[in-house]
Engineer: 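I am attaching a structure below and will ask some questions about it afterwards.
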Amino acid sequence: MIPTPPVVAAPGTETPTGQSGNTLIDKYGRRVSYLRLSITDRCDFRCTYCMAEEMTFLPRDEVMSLEECLRIAKVFVGLGVNKLRITGGEPLVRKDAMWLIEQLGALPGLDNLVLTTNGSQLERFAAPLRAAGVKRLNISLDTLRPERFRAITRIGDINKVFNGIAAARQAGFRRTKLNTVMMRGTNDDEFVELVRFSLANELDISFIEEMPLGDIQGRNQTYISSEEARTILGQHFELTPCDESSGGPARYWRIAGHESRIGFISPHSHNFCDSCNRVRVTAQGELHPCLGQNDVMHLLPILRGQNDTDLRQAIIDSMGIKPFGHDFSQQLETPQVVRFMSMTGG
Ligand code: SAM
Ligand code: SF4
């Protein structure tokens, strides 16, 4: 089947779907306004669901320079993208990451600069991130117990993350969100404690269904659905669904008397593809229009060999390969998507 060409309106004109200006719209009519940009594949943790124990990281010359990351971001913003999440690997272990973040914070048209981190470096970086214009932080935390944390991350120190969470608050960040990957037999007995911790620290929290990326052996035994987690939490809290959205795939619930939102990200049990508004660019400059599929557009050779007009055209063309949706299935014994999350940026 020949794919329908992507629709990109010339400045000041209307597209057939009613968008105006420079706008990225895929062949299913979804507007892409959100870029998740991974600035490194390296990390100071080795979370079991994200990385192999012995990871081979990319050679430096295959990773985008920070200047190249900035060029990509500028082209996307010129095409109407107004939200950008910096991710990785662990973005804050990249040398001079703050230089890029300051440039992005000052980029006209980029209204919503946000960052996902494991929190280990936040004690040092929370204040400069806030000063640079980062609007919100997501911090990954799957357990509150030091030994368990060490087992999940293989090398992480939970106290650094606790200090990072406190530093974020002190720097003025509000609505910081914890991301908790749900794993049966590993942290399913802690969901209630994690919610209590979030309420006490005025944090939002999202429980994430584990996705079958990278080495998936045994994942079908550890998978927990959002529904099951909600049932567990419902025995301890009165959860009221709320319409609010952070613009992402999470569905939110509230507990009376508290500001915190309790979210569930359900790639398996609730497919959120219809309203997908995002694409990802890896540290290698690979544009992935869908986290759960293998379609890719290689931007690095274009970045290095050609000018920004060609880069812009390649990004526009990528709208033609954005698939309708993912097809994760926890029953799969062979990974459909062979990338580790640290490669794609979560
Ligand atoms: N290092 C940062 C962190 O941990 O927040 C940013 C990158 S990490 C790849 C982004 C998010 O992806 C984290 O919240 C992590 O828990 C999540 N993640 C990694 N592998 C996953 C998997 N297989 N299924 C679901 N979420 C995953
Ligand atoms: Fe590192 Fe984040 Fe992956 Fe954990 S989830 S290994 S912290 S990139």
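First listed ligand is number 1; within each ligand, the first listed atom is number 1. Keep in mind that this is a model prediction, so the values were computed, not measured.
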Engineer: Run the numbers for me: atoms of ligand 1, each under 4.0 Å from some heavy atom of Gly88, listed by number.
Structural biologist: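 Near Gly88, the atoms of ligand 1 are 7 (C), 9 (C).
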Engineer: Under a 4.0 Å N-O cut-off, is there an ion pair linking Asp295 with Lys322?
Structural biologist: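 Looking at Lys322 together with Asp295, the answer is no, because their closest N to O distance does not fall below 4.0 Å.
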Engineer: Please check whether Asn138 reaches ligand 1 - meaning an N/O of the residue sits under 3.5 Å from an N/O of the ligand, judged on distance alone.
Structural biologist: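 By distance alone, the answer is no.
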Engineer: Quick test of your reading of the model: are Asp204 and Arg254 salt-bridged, counting only N-O distances below 4.0 Å?
Structural biologist: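 Salt bridge: no.
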Engineer: List ligand 1 atoms under 4.0 Å from Met211, heavy atoms only on the residue side.
Structural biologist: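 Atoms satisfying the 4.0 Å criterion: 22 (C), 23 (N), 24 (N), 25 (C).
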Engineer: Working to the nearest 0.5 angstrom, can you tell me the gap between Ile152 CD1 and Asn187 CG?
Structural biologist: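 Between atom CD1 of Ile152 and atom CG of Asn187 there are 5.5 Å.
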Engineer: Is it true that Asp44 and Asn118 share a donor-acceptor pair across their side chains at a distance under 3.5 Å?
Structural biologist: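 There is such a pair (donor and acceptor under 3.5 Å, judged by atom type) between the side chains of Asn118 and Asp44.
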Engineer: Hydrogens and angles aside, do Arg280 and Ser38 bring a side-chain donor and acceptor to less than 3.5 Å of each other?
Structural biologist: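 Short answer, no.
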Engineer: For a ring pair (Phe, Tyr, Trp, His ring centres under 6.0 Å) with Phe191, tell me which candidate from Phe207, Phe197, Phe264 qualifies.
Structural biologist: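 That would be Phe207.
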Engineer: Does some non-hydrogen atom of Gly89 fall short of 4.0 Å from ligand 2?
Structural biologist: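 For ligand 2, residue contact (heavy atoms, under 4.0 Å) with Gly89 is present.
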Engineer: Quick one: which ligand 1 atoms are inside 4.0 Å of a heavy atom on Thr87?
Structural biologist: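 Matching atoms, with element in brackets: 6 (C), 7 (C).
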Engineer: Within a distance under 4.0 Å of any heavy atom of Thr117, pick out the atoms of ligand 1 and give their elements.
Structural biologist: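 So the answer, numbered in order with elements, is 2 (C), 3 (C), 5 (O).
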Engineer: Using a strict 4.0 Å cut-off to heavy atoms of Gly89, name the atoms of ligand 1 that fall inside it.
Structural biologist: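 Within the 4.0 Å cut-off of Gly89, ligand 1 contributes 1 (N), 2 (C), 6 (C), 7 (C).
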Engineer: Any salt bridge linking Glu68 with Arg304? Criterion: basic side-chain nitrogen under 4.0 Å from a carboxylate oxygen.
Structural biologist: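 Counted as a salt bridge, because a side-chain N and a carboxylate O are separated by less than 4.0 Å.
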Engineer: Does any N, O or S atom of Cys47, backbone or side chain, fall under 2.8 Å from atom 1 (Fe) of ligand 2?
Structural biologist: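 No, outside the cut-off.
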Engineer: Below 4.0 Å from ligand 1: does a non-hydrogen atom of Cys47 turn up there or not?
Structural biologist: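 Under 4.0 Å: no for Cys47.
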Engineer: Would you check whether Tyr49 has a nitrogen or oxygen atom less than 3.5 angstrom from a nitrogen or oxygen atom of ligand 1?
Structural biologist: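 Yes; at least one N/O pair falls below 3.5 Å.
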